[in-house]
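Keep in mind that what you see is a predicted model, and the values were worked out from it rather than measured. Counting starts at 1 for both ligands and their atoms, in listed order.
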Amino acid sequence: MAIAQPAARPANPRFSSGPCAKPPVFDLAKLSDAPLGRSHRAAVGKDKLLAAIEGTRELLNIPADYKIGIVPASDTGAVEMAMWNLLGERKVEMLAWESFGAGWVTDVVKQLKIDAEVKTADYGQIVDLASVDFANDVVFTWNGTTSGVRVPNGDWIAADRAGLTICDATSAAFAQDLPWDKLDVTTFSWQKVLGGEAAHGMIILSPRAVARLESYTPAWPLPKIFRLTKGGKLIDGIFKGATINTPSMLAVEDYLLALDWARSVGGLEGLIARADANAKAVFDFCDAKPWIANLAEDPATRSNTSVCLKFTDARIQDGAAFAKAVAKRLEAEEVALDVGAYRDAPAGLRIWCGGTVETADIEAMLPWLEWAFEAEIAAQG
Ligand SMILES: Cc1ncc(COP(=O)(O)O)c(C=O)c1O
């Protein structure tokens, strides 16, 4: 039977998994210090770019001897730049358990034509991490945004590895602990956990990744926007804010604002606590309702950012149509925007729980989810 609409609405219904909600303090007027119409190579622009790099280092506790660069084409650009520059020196293992990881497999196998060992798992599951051989280069996604399945921690990564780890951490950075000693290349983009603007990627290189860059030249051509070395040496300027091509100084200003907000909520620890509290509110809701469940089967792998849900009620006639209709009702009521499952993922919902989302908004949204579910069950007739 349909139920009455809840009385309260979330103050902010933005639960999209990318671009994600802006920090609660966001206001366009706060970007007025952006050096617009100036060269990004002028001192004012370079200082801002360097502040973005060093602010990232400070907030994510990245070691001083790791290189941090702002690169073109968002997280995809950063991951592809890493793979194109570094792979081919030794055997490669590709780990994938959802759509983005699968995309990196396609890049490596079909485009770079590397005979990689590919380990995959279905949506909701994770590959056998204990089976990974770290004599190989290993490419994986820390938090699978489209399945809501994350690696539980970095314990499975060998400390004394001979190969490199290349980690797409775009929906994990600023929400989950990343063990830098286990990660040789880490990438993310600004529009995910910090709710920044899209376009730029971040690439973080360990000293071992830099050593590979300086000692190995891949067999395939590298376009200019991927090139990190010149004459066999790292182009150091890239890691001091001298970007490969022109960045958006408005996006940089917005990222600096997001970093300031992150400091104001307690830095990384505060951001992790916010994401954990948001995700827990959704997990508790699922535990209390027999008709909905987390897509991630093992609780240790449940994402605290891209929480993916599936409907489990036997009365549902067409799973895909049902989930779409629920998301549509939530959107029409303006209580939850963009919460449909990713297009390649199993039917369901995906609720972004990263730190820019307020727990009170998650809590106000969940009764609406129950309302929309009951309304759709009733509508099936
Ligand atoms: C795990 C993962 N990798 C890569 C991407 C692509 O990111 P971008 O659009 O920043 O290139 C996304 C986007 O959602 C993602 O979730």
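At under 3.5 Å, a nitrogen or oxygen of Thr145, whether backbone or side chain, sits near a nitrogen or oxygen of ligand 1. Of the N or O atoms in Thr170, none lie within a sub-3.5 Å distance of an N or O in ligand 1. In terms of polar-atom proximity, Thr141 is not counted as a contact of ligand 1, lacking any N or O under 3.5 Å from an N or O of the ligand.
Relative orientation of the Trp180 and Tyr66 rings is perpendicular, given thresholds of 30° and 60° on the angle between their planes.
Summary of contacts: the protein heavy atom closest to atom 9 (O) of ligand 1 is Gln191 NE2, 3.7 Å. From the protein, the heavy atom lying nearest to atom 7 (O) of ligand 1 is Asp75 CB, 3.7 Å. Looking only at protein heavy atoms, the nearest one to atom 3 (N) of ligand 1 is Asp168 OD2, 2.6 Å. Distance from atom 8 (P) of ligand 1 to its nearest protein heavy atom, with residue and atom name: Ser74 OG, 3.4 Å.
For Thr76, heavy-atom contacts with ligand 1 shorter than 4.0 Å involve the backbone as well as the side chain. Residue-level proximity to ligand 1 for Trp190 is absent, since no heavy atom of it falls below 4.0 angstrom.
By the 6.0 Å contact criterion, CD on Glu58 is enclosed, its count of non-hydrogen atoms from other residues, nucleotides or ligands being greater than 12. Within a 6.0 Å sphere centred on NZ of Lys30, heavy atoms belonging to other residues, nucleotides or ligands number more than 12. Around the CG atom of Asn245, the shell of radius 6.0 Å holds more than 12 heavy atoms that belong to other residues, nucleotides or ligands. For Glu334, the CD atom counts as loosely surrounded, since its 6.0 Å shell holds 12 or fewer non-hydrogen atoms of other residues, nucleotides or ligands. Atom CZ of Arg263 is surrounded by more than 12 heavy atoms from other residues, nucleotides or ligands within 6.0 Å. Around atom CZ of Arg9, more than 12 heavy atoms belonging to other residues, nucleotides or ligands sit under 6.0 Å away.
At a 4.0 Å cut-off, not a single heavy atom of Tyr342 sits close enough to ligand 1 to count as contact.
One side chain, Ser189 or Thr170, offers a donor N or O that lies under 3.5 Å from an acceptor on the other.
Closest heavy-atom approach to atom 14 (O) of ligand 1 within the set His200, Lys192, Glu98: this belongs to Lys192.
Residue Ser189 approaches ligand 1 through these ligand atoms, each under 4.0 Å from one of its heavy atoms: 10 (O).
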